[in-house]
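Excluded from the calculations below are hydrogen atoms, water molecules and symmetry mates; all remaining heavy atoms, backbone and side chain alike, are included.
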Amino acid sequence: MDEPTTPAVTRGFTGRRRSSAPDTGRDTGPALPPGQYRTDDFPVLSAGPTPRVDPDDWRFTLTTETGGSHHWDWNGLHELPRERFEVDLHCVTRWSKFGTAWSGYSLDALLATVETTAEFALVTSYGGYTTNLPLADLRGGRAWIAVGYDGEPLPAVHGGPARLLVPHLYLWKSAKWVRSITLSTTDDPGFWEKVGYHGYGDPWREQRYAL
Ligand SMILES: Nc1nc2c(c(=O)[nH]1)N[C@H]1C(S)=C(S)[C@@H](COP(=O)(O)O)O[C@H]1N2
Ligand SMILES: [Mo]
């Protein structure tokens, strides 16, 4: 799918300030979360082989705690309002990459289709990767199903055709090759969370591991 010339919403291109970043009183550039270093590369971190998902076969399912569900295929996803956004990425392995440019669909738009009082979300990928986070962190214009990176379709190694992107949390929460989100009243740990990664993963509070 080509990048649309007129995105429905454009945000985040104005500058350096990130909502979750502490105000350092400086305007000389972005602050690094504690323990991070800056890189201009875009490292690839995958726990297994890269699934190759044809957009024609791609399906995304949102399921609520009562079993209600909503499905999108590739065309259905692209009927939602496309957003372009620029965000900083913070990986728990300590690299941060500033000012990455994406396009995709706000989780707010997808979540608007279901009724839920659940507090937690479990995200599952093609290939079996999972990660958990509070549902609140998928709301408020802070999480997207990303399909474009740097003006191109998202490459498979970075999660194409579609990945979750929740940049205010460590990047392991941003499930590549996203397939489903299941809403739940219980907080069920995902792939890395089961082996000791933090349940929430706020880079500004350096929540790398559950102690
Ligand atoms: N499906 C899936 N998503 C995943 C991972 C994975 O192994 N499988 N790794 C996570 C981790 S630990 C990181 S740091 C980021 C890396 O994203 P990147 O390869 O685009 O840099 O993807 C996250 N999402
Ligand atoms: Mo990571």
Side-chain angles (χ1 to χ4, degrees), residues 1-20 30 42 44 46 50-64 68-90 97-116 121 123-127 129 131 133-169 171-183:
M1 180 83 38
D2 293 335
E3 295 288 300
T5 49
T6 313
V9 179
T10 300
R11 76 164 107 227
F13 286 95
T14 46
R16 300 281 193 190
R17 171 82 58 212
R18 286 154 310 290
S19 55
S20 57
F42 194 173
V44 171
S46 304
T50 295
R52 303 284 161 174
V53 186
D54 191 307
D56 288 340
D57 300 326
W58 185 86
R59 299 285 183 281
F60 177 78
T61 302
L62 176 63
T63 305
T64 71
S69 64
H70 200 110
H71 306 269
W72 289 263
D73 62 11
W74 193 246
N75 290 333
L77 182 74
H78 288 77
E79 283 165 16
L80 297 169
R82 178 84 149 237
E83 299 188 358
R84 298 178 65 207
F85 52 98
E86 189 167 304
V87 295
D88 303 334
L89 307 178
H90 307 295
K97 181 173 175 61
F98 290 120
T100 59
W102 300 82
S103 70
Y105 301 95
S106 172
L107 258 294
D108 291 311
L110 289 100
L111 289 165
T113 64
V114 297
E115 292 272 341
T116 182
V123 188
T124 301
S125 298
Y126 288 92
Y129 183 86
T131 188
L133 70 171
L135 175 54
D137 288 81
L138 294 177
R139 299 194 192 273
R142 299 183 295 166
W144 296 267
I145 304 283
V147 297
Y149 176 72
D150 239 357
E152 303 286 341
L154 180 61
V157 289
H158 288 300
R163 79 179 295 170
L164 182 67
L165 204 66
V166 194
H168 69 283
L169 301 176
L171 200 57
W172 89 78
K173 302 286 183 180
S174 293
K176 304 196 282 189
W177 317 294
V178 67
R179 177 178 203 162
S180 66
I181 296 179
T182 303
L183 308 181

Nearest heavy-atom pair of [X] and [Y]: which atoms, and what distance?
X      : Y      : result
Pro81  : Tyr105 : O-CD2, 3.4 Å
Val147 : His78  : CG2-NE2, 4.2 Å
Lys173 : Val166 : O-CG2, 4.3 Å
Val157 : Trp177 : O-CZ2, 4.1 Å
His168 : Asp137 : NE2-OD2, 2.7 Å
Pro167 : Arg142 : CD-O, 3.6 Å

Would you compute the distance between atom [atom1] of [X] and atom [atom2] of [Y] and round it to the nearest 0.5 angstrom?
X      : Y      : atom1 : atom2 : result
Glu86  : Asp88  : CD    : CG    : 8.0 Å
Asp108 : Glu83  : CG    : CD    : 8.0 Å
Leu165 : Thr100 : CG    : OG1   : 6.5 Å
His71  : Thr61  : NE2   : OG1   : 4.5 Å
Leu154 : Arg163 : CG    : CZ    : 6.5 Å
Leu164 : Arg179 : CG    : CZ    : 16.0 Å

Just so I know, are the side chains of [X] and [Y] near enough to count as touching, which here means a heavy-atom distance under 4.5 Å?
X      : Y      : value
Leu62  : Leu183 : yes
Leu107 : Ile181 : yes
Tyr129 : Lys176 : no
Leu133 : Leu138 : yes
Leu80  : Ile145 : no
Trp102 : Trp144 : no
Asp150 : Phe42  : no

(Q) Please determine whether ring pair (Phe, Tyr, Trp, His ring centres under 6.0 Å) holds for the pair Phe60 and His70, giving the CA-CA distance in whole Å, both sets of side-chain angles, and the decisive distance to 0.1 Å. (A) CA-CA 8 Å; Phe60 177 78; His70 200 110; 9.8 Å; no
Q) Can you tell me if Thr64 uses its side chain to pair, donor with acceptor, with the backbone of Gly68 under 3.5 Å? A)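 Checking the backbone N and O of Gly68 against the side chain of Thr64, a donor-acceptor pair under 3.5 Å is found.
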Q: May I ask you to decide if the ring planes of Phe98 and His90 are parallel, tilted or perpendicular, using 30° and 60° as cut-offs?
A: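 Rings of Phe98 and His90: perpendicular, as their planes differ by over 60°.
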